[in-house]
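Take a look at the structure set out below.
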Amino acid sequence: MKRFTYPLLALLSTLACASTVHAADAGLGPTLQKIKDGNVIAIGHRTSSIPFSYYDENQKVVGYSQDLCNKAIDAVKAKLNLPNLEVRMIPVTSQNRTPLLQNGTIDLECGVTSNLKDRWQQVSFNTTFFVASSRILTRKDSGIKDFPDLAGKAVVTNAGTTSERLLRTLNERRKMNMQIQSAKDYGEAFLILQSGRVAAYVMDDILLAGARTTAQKPNDWLLTGTPFGAEPYGFMVRKDDPQFKQLVDGALSGLMKSGEINRMYAKWFTFPIPPKNISFNFPMPEDVKKLYANPSDKPMD
């Protein structure tokens with residue numbers, strides 16, 4: 001009987017240790033466990049969403065979203081004690097970002113995605129890191145300063161966007177008699193504006209700031225108007241994984257509460273950035289200041 005005692009005790013001890021390790025790992029949740037087991041985190045990024053997530057002249061992913069994402073990655077490395085964790089960068093589009101997150105191809109989507117209430121049925125969003133509002137881009141000498149000045153004028157916006165819906169609602173309710181044109185994207189819309197066929201371009205303020213940098217003479221164009229509406233941008237994580245969401249939320253809200261995010265914001269929105277070394281000249285909006293003072297993952301209806 002004695003000859004079986006020590007092997008049996010050793011086996012029981014091994015099983016007990018394995019059970020303890022499994023229990024500890026179970027507390028990580030599915031995404032962190034996947035990352036730990038594979039020693040790799042897969043990041044979904046955009047290729048041309050300047051200044052949020054895009055390739056620089058060396059084909060490296062850079063931008064405001066990516067800088068914030070890197071802080072989340074650091075938090076994962078610390079949590080799992082994996083300082084040499086591999087970071088796999090995977091380009092995504094508006095069409096495939098959600099399926100790639102759901103099927104496990106990417107673990108965290110760090111682009112420019114609007115945190116909408118109906119999207120929470122498929123994914124979860126982290127703490128909002130930017131809030132876009134509809135504003136006006138026009139020539140400096142147009143005399144247009146705010147939305148009431150658009151009455152009776154030709155205006156362009158992007159088809160199928162929140163800005164288009166808000167603009168048409170405004171036109172109808174206030175009887176402004178605007179002649180609204182809808183372009184397929186911001187490149188086409190800005191060309192229409194530059195051609196003189198319309199007096200103003202109404203769209204997400206940050207996209208207007210980006211369009212302005214593509215002009216031959218950016219300083220000829222004025223970004224103006226009281227911010228109208230609000231569209232929060234957030235990173236996406238898989239649904240029903242509170243452990244991973246909490247970790248990323250903590251990394252982002254920590255940057256906001258410490259004030260470090262103000263320096264990061266200035267780097268991408270007020271100083272010259274690659275690839276053209278042009279500044280967006282986009283001071284932090286009041287909505288964004290309020291968000292950073294009180295971090296939230298609240299979606300837009």
Side-chain angles (χ1 to χ4, degrees), residues 43-75 87 89 91 109-114 126-140 186-187 189-190 193-194 201 203-227 230-235 248 251-293 295:
I43 302 297
H45 69 88
R46 303 305 289 268
T47 60
S48 58
S49 295
I50 302 173
F52 292 97
S53 177
Y54 65 102
Y55 289 128
D56 67 8
E57 59 273 18
N58 298 313
Q59 293 299 293
K60 178 183 177 182
V61 183
V62 297
Y64 187 52
S65 294
Q66 189 57 45
D67 276 5
L68 296 177
C69 190
N70 289 339
K71 295 295 185 178
I73 294 170
D74 288 344
V87 179
M89 303 300 296
E109 188 267 340
C110 296
V112 185
T113 302
S114 295
N126 291 116
T127 304
T128 300
F129 64 88
F130 190 85
V131 182
S133 297
S134 294
R135 294 186 71 198
I136 303 165
L137 187 65
T138 186
R139 286 191 180 276
K140 281 188 174 179
Y186 79 86
F190 191 38
L193 176 62
Q194 291 178 96
Y201 175 18
M203 190 55 201
D204 285 5
D205 46 14
I206 189 58
L207 295 180
L208 295 179
R212 182 176 58 186
T213 66
T214 67
Q216 189 172 0
K217 295 181 179 180
N219 289 331
D220 287 350
W221 301 94
L222 175 68
L223 180 61
T224 188
T226 304
E231 196 158 343
Y233 295 166
F235 295 159
V248 178
L252 296 176
S253 61
L255 293 172
M256 297 172 189
K257 292 176 181 178
S258 70
E260 184 180 353
I261 202 165
N262 297 323
R263 176 188 59 78
M264 299 170 73
Y265 183 98
K267 171 186 173 182
W268 291 103
F269 295 96
T270 66
F271 291 103
I273 62 170
K276 289 187 174 182
N277 202 36
I278 295 175
S279 171
F280 269 55
N281 293 318
F282 195 82
M284 188 179 292
E286 287 302 316
D287 281 352
V288 177
K289 290 180 182 178
K290 292 177 182 177
L291 172 72
Y292 292 169

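Model, not experiment: these values are computed from the prediction. Quick note: residue numbers are just sequence positions, from 1.
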Task: Between CG on residue Leu222 and CG on residue Leu208, distance to nearest 0.5 Å - done: 11.0 Å
Task: Distance-minimising heavy-atom pair for Pro283 and Asn281 - done: CD-O, 3.3 Å
Task: Test item: Phe269 and Val288 side chains (from C-beta on) under 4.5 Å apart, heavy atoms - done: no
Open item on the list: Can you tell me how far apart CZ (Arg46) and CD (Glu109) are? Round to the nearest 0.5 Å.
Closed with: 7.0 Å
- [ ] Please round to the nearest 0.5 Å and tell me the distance separating atom OG of Ser49 and atom CD of Gln66.
- [x] 12.0 Å
Open item on the list: If I take atom CZ from residue Phe190 and atom CG from residue Leu207, how far apart are they, to the nearest 0.5 angstrom?
Closed with: 12.5 Å
TODO: Verify whether the ring centers belonging to Phe129 and Phe235 lie closer than 6.0 Å.
DONE: yes
Task: Taking every non-hydrogen atom, the tightest pair across Ala251 and Ala72 - done: CB-CA, 4.0 Å
Task: Taking every non-hydrogen atom, the tightest pair across Ala132 and Asp205 - done: CA-OD1, 3.6 Å
Open item on the list: For Pro227 versus Ser133, what's the shortest heavy-atom pair and its separation?
Closed with: CB-CB, 3.6 Å
- [ ] Taking Ser279 for its side chain and Thr270 for its backbone only, find out whether a donor-acceptor pair lies under 3.5 Å.
- [x] yes
Task: Closest heavy-atom pair and its distance - Ala230, Pro232 - done: O-CD, 4.0 Å
Open item on the list: Test side-chain contact (heavy atoms from CB on, under 4.5 Å) on Val61 and Tyr54; report intermediate values, then the result.
Closed with: CA-CA 5 Å; Val61 183; Tyr54 65 102; over 6 Å; no
Task: Heavy-atom closest contact (Glu57 atom, Pro274 atom, distance) - done: OE1-CB, 3.6 Å
TODO: Could you tell me whether a side-chain N or O of Arg212 sits under 3.5 Å from a main-chain N or O of Pro218, the two making a donor and an acceptor?
DONE: no
TODO: Applying side-chain contact (heavy atoms from CB on, under 4.5 Å), name anything that partners Ile261, two or more places apart in sequence or on another chain.
DONE: Tyr64, Leu68, Leu255, Met256, Tyr292
Task: side-chain contact (heavy atoms from CB on, under 4.5 Å) assessment of Ile50 paired with Ile273 - done: CA-CA 9 Å; Ile50 302 173; Ile273 62 170; 4.0 Å; yes
Task: Nearest-0.5 Å distance that lies between atom CE in Met89 and atom NZ in Lys60 - done: 10.0 Å
Open item on the list: Checking Phe280 now: which residues fulfil ring pair (Phe, Tyr, Trp, His ring centres under 6.0 Å) with it, not counting sequence neighbours?
Closed with: none
Open item on the list: Walk me through whether Val131 and Lys290 qualify under side-chain contact (heavy atoms from CB on, under 4.5 Å).
Closed with: CA-CA 10 Å; Val131 182; Lys290 292 177 182 177; over 6 Å; no
Open item on the list: Using side-chain heavy atoms (C-beta onward) and a distance below 4.5 Å, is Gln194 in contact with Tyr201?
Closed with: no
Open item on the list: Could you tell me if the side chain of Leu137 sits less than 4.5 Å from the side chain of Met203, heavy atoms only?
Closed with: no
Task: Contacts of type side-chain hydrogen bond (donor to acceptor under 3.5 Å, both in side chains), residue Ser53, not counting sequence neighbours - done: none
Task: Option passing side chain to side chain donor-acceptor pair (under 3.5 Å) with Tyr233 (candidates Asp204, Thr113, Thr128) - done: Asp204
TODO: May I ask you to decide if Asn219's main-chain N or O and Lys140's side chain share a donor-acceptor pair within less than 3.5 Å?
DONE: yes
Open item on the list: One pair to check against side-chain contact (heavy atoms from CB on, under 4.5 Å): Phe282 and Leu223. What are the steps and the verdict?
Closed with: CA-CA 9 Å; Phe282 195 82; Leu223 180 61; 3.6 Å; yes
Open item on the list: For Tyr265 and Phe130, take the angle between the two ring planes, folded into 0 to 90°, and tell me which bin it lands in: parallel under 30, tilted 30 to 60, perpendicular over 60.
Closed with: parallel
TODO: Measure the CD1-CH2 distance between Ile136 and Trp221 for me, rounded to the nearest 0.5 Å.
DONE: 14.0 Å
